[in-house]
Peer 1: 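Mind looking over this structure? Questions follow.
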Protein chains: 2
Amino acid sequence: MSKASDLKEMGLKATGPRLKILNLFETSEQRHLTAEEVYRILVEEHTDIGLATVYRVLTQFEQAGLLVRHHFESGKAVFELNQGGHHDHLVCVKCGKVEEFFDPEIELRQDAIAKKHQFQIQDHAMYLYGLCHDCQQSRIGSR
Amino acid sequence: MSKASDLKEMGLKATGPRLKILNLFETSEQRHLTAEEVYRILVEEHTDIGLATVYRVLTQFEQAGLLVRHHFESGKAVFELNQGGHHDHLVCVKCGKVEEFFDPEIELRQDAIAKKHQFQIQDHAMYLYGLCHDCQQSRIGSR
DNA sequence: ATCTTTGCAAAGAATTTGCATAGCT
DNA sequence: AGCTATGCAAATTCTTTGCAAAGAT
């Protein structure tokens with residue numbers, strides 16, 4: 001019942017679609033999912049939830065701080081569970097794999113830069129795009 | 001005639017629309033422009049160029065390495081002149097102002113991280129979102 | 001003259017919204 | 001019961017494409 005009460009605390013009723021989508025993020029081995037991917041997984045699981053609902057729920061969860069929305073260079077929004085700590089991303093442009101990292105040195109430099117520019121930072125993101133280890137081997141179109 | 005020959009070198013004919021769009025990026029005080037903004041400026045300048053052409057030319061210029069395309073969190077693509085040196089961005093979430101910076105220390109850390117994760121980096125981007133100096137004063141919705 | 005580019009309108013992809021029905025509490 | 005959430009289809013927003021007419025070399 002913890003999930004249900006989590007939702008209620010943020011003014012969201014504990015409905016089937018919401019619980020399922022939240023559960024999906026908590027159990028999927030892929031931490032980073034697009035709306036379409038969430039939808040497709042739900043459909044495959046015989047769980048019929050409309051795509052519009054997926055979009056609505058993802059947005060609500062983002063506003064509630066449960067999920068974080070990212071904009072990789074694909075044009076589609078990608079969501080991941082907000083587990084507190086900030087981190088940045090390595091994105092494989094070939095297979096789509098995403099790895100996370102956190103570098104305190106970079107964070108410090110960011111703060112210093114913001115101060116120098118008199119910017120009051122609210123959020124920040126860093127993306128490194130390239131080929132992951134696996135995709136460096138077979139250079140010609142695997143995937 | 002330099003601009004025209006620049007274009008020809010990359011296999012693009014030196015047409016009016018292309019020269020005008022290139023010139024716009026070279027002279028506008030706003031370095032970062034969306035396709036719509038380019039289109040709007042051209043329309044205001046009595047220069048009638050179709051929106052589709054703006055999109056096509058921007059994409060061609062990006063592929064030719066003349067422009068760089070960014071995806072800030074807005075959902076719209078933003079273009080800027082490629083002047084060689086890589087740099088990152090501070091983006092004001094209130095007024096939209098964009099400031100650029102380059103930090104060698106951060107670049108070094110990024111390389112180290114990529115190596116550790118065995119990623120072969122092709123591109124990278126860092127965005128700091130927040131309030132610029134001007135927008136910190138009047139906290140309640142200017143613009 | 002030939003091959004490229006443009007404009008317009010239509011098509012597409014991602015996401016949002018209106019509204020009647022179904023679901024929580 | 002009463003108010004919120006969902007599903008579906010239509011609407012939006014950003015961007016791309018097809019095709020005939022105009023432009024560049």
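Chain identifiers are assigned alphabetically (A, B, ...) following the order of the sequence lines, protein sequences preceding nucleic acid strands; residue numbering begins at 1 within each chain.
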Peer 1: Could you name each residue pair satisfying ring pair (Phe, Tyr, Trp, His ring centres under 6.0 Å) that touches residues 27-56 of chain B, not counting sequence neighbours?
Peer 2: B/H32-B/H89
Peer 1: When you measure from the side-chain N and O atoms of A/Y55 to the phosphate of C/dT16, is any distance below 4.0 Å, counting only OP1 and OP2?
Peer 2: no
Peer 1: Looking at every heavy atom in both A/H117 and B/F101, which two are closest together, and how far apart are they?
Peer 2: NE2-CB, 3.9 Å
Peer 1: What are the bounds, 5' to 3', of the part of DNA chain D that sits under 4.0 Å from heavy atoms of chain B?
Peer 2: D/dC14 to D/dT25
Peer 1: Near DNA chain C, which residues from residues 39-50 of chain A have a heavy atom under 4.0 Å away?
Peer 2: none
Peer 1: I want to check something: taking the side chain as every heavy atom from C-beta on, are A/L33 and A/L24 in contact at a cut-off of under 4.5 Å?
Peer 2: yes
Peer 1: Side chains of A/E80 and A/H87: is there a donor and an acceptor less than 3.5 Å apart?
Peer 2: yes
Peer 1: Find the distance B/K76:NZ to C/dA14:P and express it as a whole number of Å.
Peer 2: 19 Å
Peer 1: Just how far, in rounded Å, is P of C/dG23 from NZ of A/K8?
Peer 2: 18 Å
Peer 1: Once you apply a heavy-atom cut-off of 4.0 Å, does B/K13 come out as touching a base, just sugar-phosphate, or nothing?
Peer 2: base
Peer 1: For B/R18, which contact category applies under a 4.0 Å heavy-atom criterion: base, sugar-phosphate, or nothing?
Peer 2: sugar-phosphate
Peer 1: In whole Å, what is the span from the CG atom of A/L12 to the C1' atom of C/dC24?
Peer 2: 13 Å
Peer 1: Salt bridge check, A/K94 against A/D134: does any charged N sit closer than 4.0 Å to a carboxylate O?
Peer 2: no
Peer 1: C1' atom, D/dG7 versus D/dA11: distance in rounded Å?
Peer 2: 16 Å
Peer 1: Using whole Å, report how far NZ of A/K20 lies from P of C/dG23.
Peer 2: 11 Å
Peer 1: For A/R69 and A/Q63, which I'm curious about, is there any donor-acceptor pair between the side chains at under 3.5 Å?
Peer 2: no
Peer 1: Roughly how many Å is it from CG in A/L51 to P in C/dT15, rounded to a whole number?
Peer 2: 9 Å
Peer 1: If you define the side chain from C-beta out and look only at heavy atoms, does anything of B/E45 sit under 4.5 Å from B/K20?
Peer 2: no
Peer 1: Working to the nearest 0.5 angstrom, can you tell me the gap between A/I41 CD1 and A/I21 CD1?
Peer 2: 11.0 Å
Peer 1: Rounded to the nearest 0.5 Å, how far apart are CG of B/D103 and CD of B/Q110?
Peer 2: 9.5 Å
Peer 1: Using whole Å, what does the distance between atom P of nucleotide C/dT15 and atom CD of B/E73 come to?
Peer 2: 15 Å
Peer 1: Pick the closest DNA chain D nucleotide for A/T15 and for B/T15 by heavy atoms, then say which residue is nearer the 5' end.
Peer 2: A/T15
